[in-house]
Amino acid sequence: MTEAVVVNLFLTVRVLLVGGILIALPSITRKGLLFGAYIGETLADRNAARQLRDSWYIGCVILMVLSLLVGYGISLSGRPLAGNLTGTGVLLSGGLLLYLRWYSKARKLVPPAAADQAKRSAAPLVGGESQGAGLAKFALGFCLLASFATYAYAVGSYQDMLASVPVYARTSFYKIILLPSVNLALSPFYALLALLTANAKRSLRGGSGGGSFEAQDAFRTTVAKLVGWMALLICAFMSYLSVRIIRVGPSEVRTLGLEILLMAVLVIVFIGFNLFRIMKQYGQGGALIETGSAEAPLTNGIADNTRWIGGLFYVDREDPSIMVESRFGFGYTLNYGNPTAILIVVSFIVLSLALIAVAVIGTRLGGG
Amino acid sequence: MLILTIDRALEDPVYRQVADQLRRLVASGELVPGTALPSVRQLARDLGVNLNTIARAYRLLESEGFLVIRDRAGVTVAAPAEEIEHSARAKLLDELTATLARLRQAGMTTDDLMTIVQIEVLAIDGGGKENEDD
């Protein structure tokens with residue numbers, strides 16, 4: 001009973017959080033964009049766009065209710081975990097389908113003039129290193145050093161255990177190496193994302209562009225710093241946890257329960273709070289603070305409907321940018337037409353799989 | 001805040017649009033000598049164009065004496081030469097003569113040409129376009 005209550009509570013929080021974000025997204029999107037399509041600043045204020053936004057809110061509420069009903073229903077039948085997973089699955093897949101449907105409706109509102117607008121680009125004549133890059137570089141160095149050191153410590157500890165307690169060693173290699181492996185793959189990747197974000201393309205508005213530039217720069221800097229801090233916190237948390245688990249030993253891992261939970265909650269609260277703070281203060285791409293120039297049309301790749309697949313994936317082989325501003329959502333996304341971006345994604349996947357393979361093979365060899 | 005804009009729909013190639021705008025900004029004094037410009041990579045990223053396009057524009061302006069490109073220091077606006085070099089002067093005067101000849105051939109009168117030259121020189125010296133309506 002207690003397990004069901006906790007699991008359902010997690011499901012409810014998750015549905016409210018994700019659903020809340022989906023509902024909030026249209027209000028923080030840059031003017032001129034509607035559900036991943038560029039329709040122009042004038043049309044974005046007209047009735048058709050307003051009606052689409054209103055129906056989106058209703059759709060999101062229906063989706064949230066459906067997710068909860070499915071999740072609770074399965075949970076009440078005696079399978080709370082299945083209910084949690086199914087409810088979450090309904091929420092995520094339903095959210096994606098909802099978005100794609102609204103994207104196709106928004107595409108029908110795109111005026112012919114949008115194609116001309118897409119051919120225009122604007123850039124500020126400001127030299128110097130991007131703000132936020134300093135913290136990102138520090139985070140990358142720290143995360144690489146700390147995660148490698150933790151991984152080496154884990155391998156070294158396992159070697160010591162092999163020498164001293166063979167039975168213990170045969171059953172614990174996977175447990176010892178798992179967290180350091182995840183840390184090695186994840187935290188430098190986040191730090192790299194922070195650095196790429198600090199150097200992401202700035203999608204300005206036409207005309208004087210002054211207010212648009214300051215808004216873009218402030219947003220980019222803030223997001224880059226947040227992702228940098230995320231990398232540092234995740235690295236510190238996982239490194240500490242890895243060392244503690246190794247030293248405590250598998251038979252006493254349960255004593256770490258509260259410690260892990262508290263630290264995890266702190267990291268999640270820090271990230272979540274700042275995420276919402278940035279969304280509320282800046283909007284997506286600085287949409288809420290570019291008040292001086294919000295009527296001027298968007299330029300650069302963000303205004304080019306032909307470069308966006310489903311309004312979510314940016315593909316432009318000519319554009320040297322690796323990270324570009326997201327059209328619908330929050331933050332930045334990769335330019336999938338850039339080979340470097342593809343390399344980063346593939347490297348991350350390959351590294352993660354390789355580390356998992358090492359853990360599994362090491363376990364088998366240790367047990368052999 | 002100075003902004004560079006390009007329009008891929010125009011016949012002018014992008015590198016020339018970039019070079020023309022930078023040239024005007026330097027000549028009018030809006031970009032003062034010593035001002036650091038974005039790196040090739042940064043400007044190419046923001047405009048969404050190939051790196052070589054911006055590199056070409058920068059190299060063109062460097063050869064004309066508008067920019068200084070150094071590996072570590074990056075790209076900065078050059079100071080005007082104290083004295084014009086004889087061969088450079090001759091080359092530029094040839095280009096001016098050719099342009100004026102084309103304008104004349106396109107139907108502009110001598111008075112129109114004189115007015116335009118005066119306006120452009122005043123604009124470069126910070127007089128702006130206020131005399132255009134006179």
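Chain A is the first sequence line, chain B the second, and so forth, proteins listed ahead of strands; every chain is numbered from 1.
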Nearest heavy atoms of A:Pro320 and B:Gly48, plus distance in Å: CD-C, 4.3 Å

Are more than 12 heavy atoms, taken from residues, nucleotides or ligands other than B:Gln105, located less than 6.0 Å from that residue's CD atom? no

For the atom pair OG (A:Ser321) and CG (B:Asp46), what is the distance rounded to the nearest 0.5 Å? 7.0 Å

Once rounded to the nearest 0.5 Å, what's the spacing between atom CD1 of B:Ile6 and atom NZ of A:Lys119? 12.5 Å

Would you call A:Arg120 and B:Asp7 a salt bridge, taking side-chain N to carboxylate O under 4.0 Å as the test? yes

Does a sphere of radius 6.0 Å around CD in A:Gln281 hold more than 12 heavy atoms from other residues, nucleotides or ligands, not counting ones at 6.0 Å or beyond? yes

CH2 of A:Trp229: more than 12 outside heavy atoms within 6.0 angstrom? no

Working to the nearest 0.5 angstrom, can you tell me the gap between A:Leu125 CG and B:Thr35 OG1? 9.5 Å

Is the number of heavy atoms from other residues, nucleotides or ligands within 6.0 Å of OH (A:Tyr190) greater than 12? no

Is chain B contacted by the side chain of A:Asn199, its backbone, both, or neither, given a heavy-atom distance below 4.5 Å? both

Under a 4.5 Å cutoff for heavy-atom pairs, which residue among A:Thr299, A:Asp304, A:Val126, A:Asn300 has the most contacts with chain B? A:Val126

Report the option among B:Val14, B:Leu4, B:Val49 that has the most heavy-atom pairs separated by less than 4.5 Å from atoms of chain A. B:Leu4

d(A:Asn335 CG, B:Arg45 CZ) to nearest 0.5 Å is 12.0 Å

Tell me whether the count of non-hydrogen atoms from other residues, nucleotides or ligands lying under 6.0 Å of CZ in B:Arg56 goes above 12. no

Can you tell me if A:Lys31 has over 12 outside heavy atoms packed within less than 6.0 Å of its NZ? yes

Greatest number of non-hydrogen atom pairs under 4.5 angstrom with chain A, of B:Leu22, B:Thr53, B:Leu31, B:Asn50, falls to B:Asn50

Take a 6.0 Å sphere around CD of B:Gln21 and say whether it holds more than 12 heavy atoms from other residues, nucleotides or ligands. yes

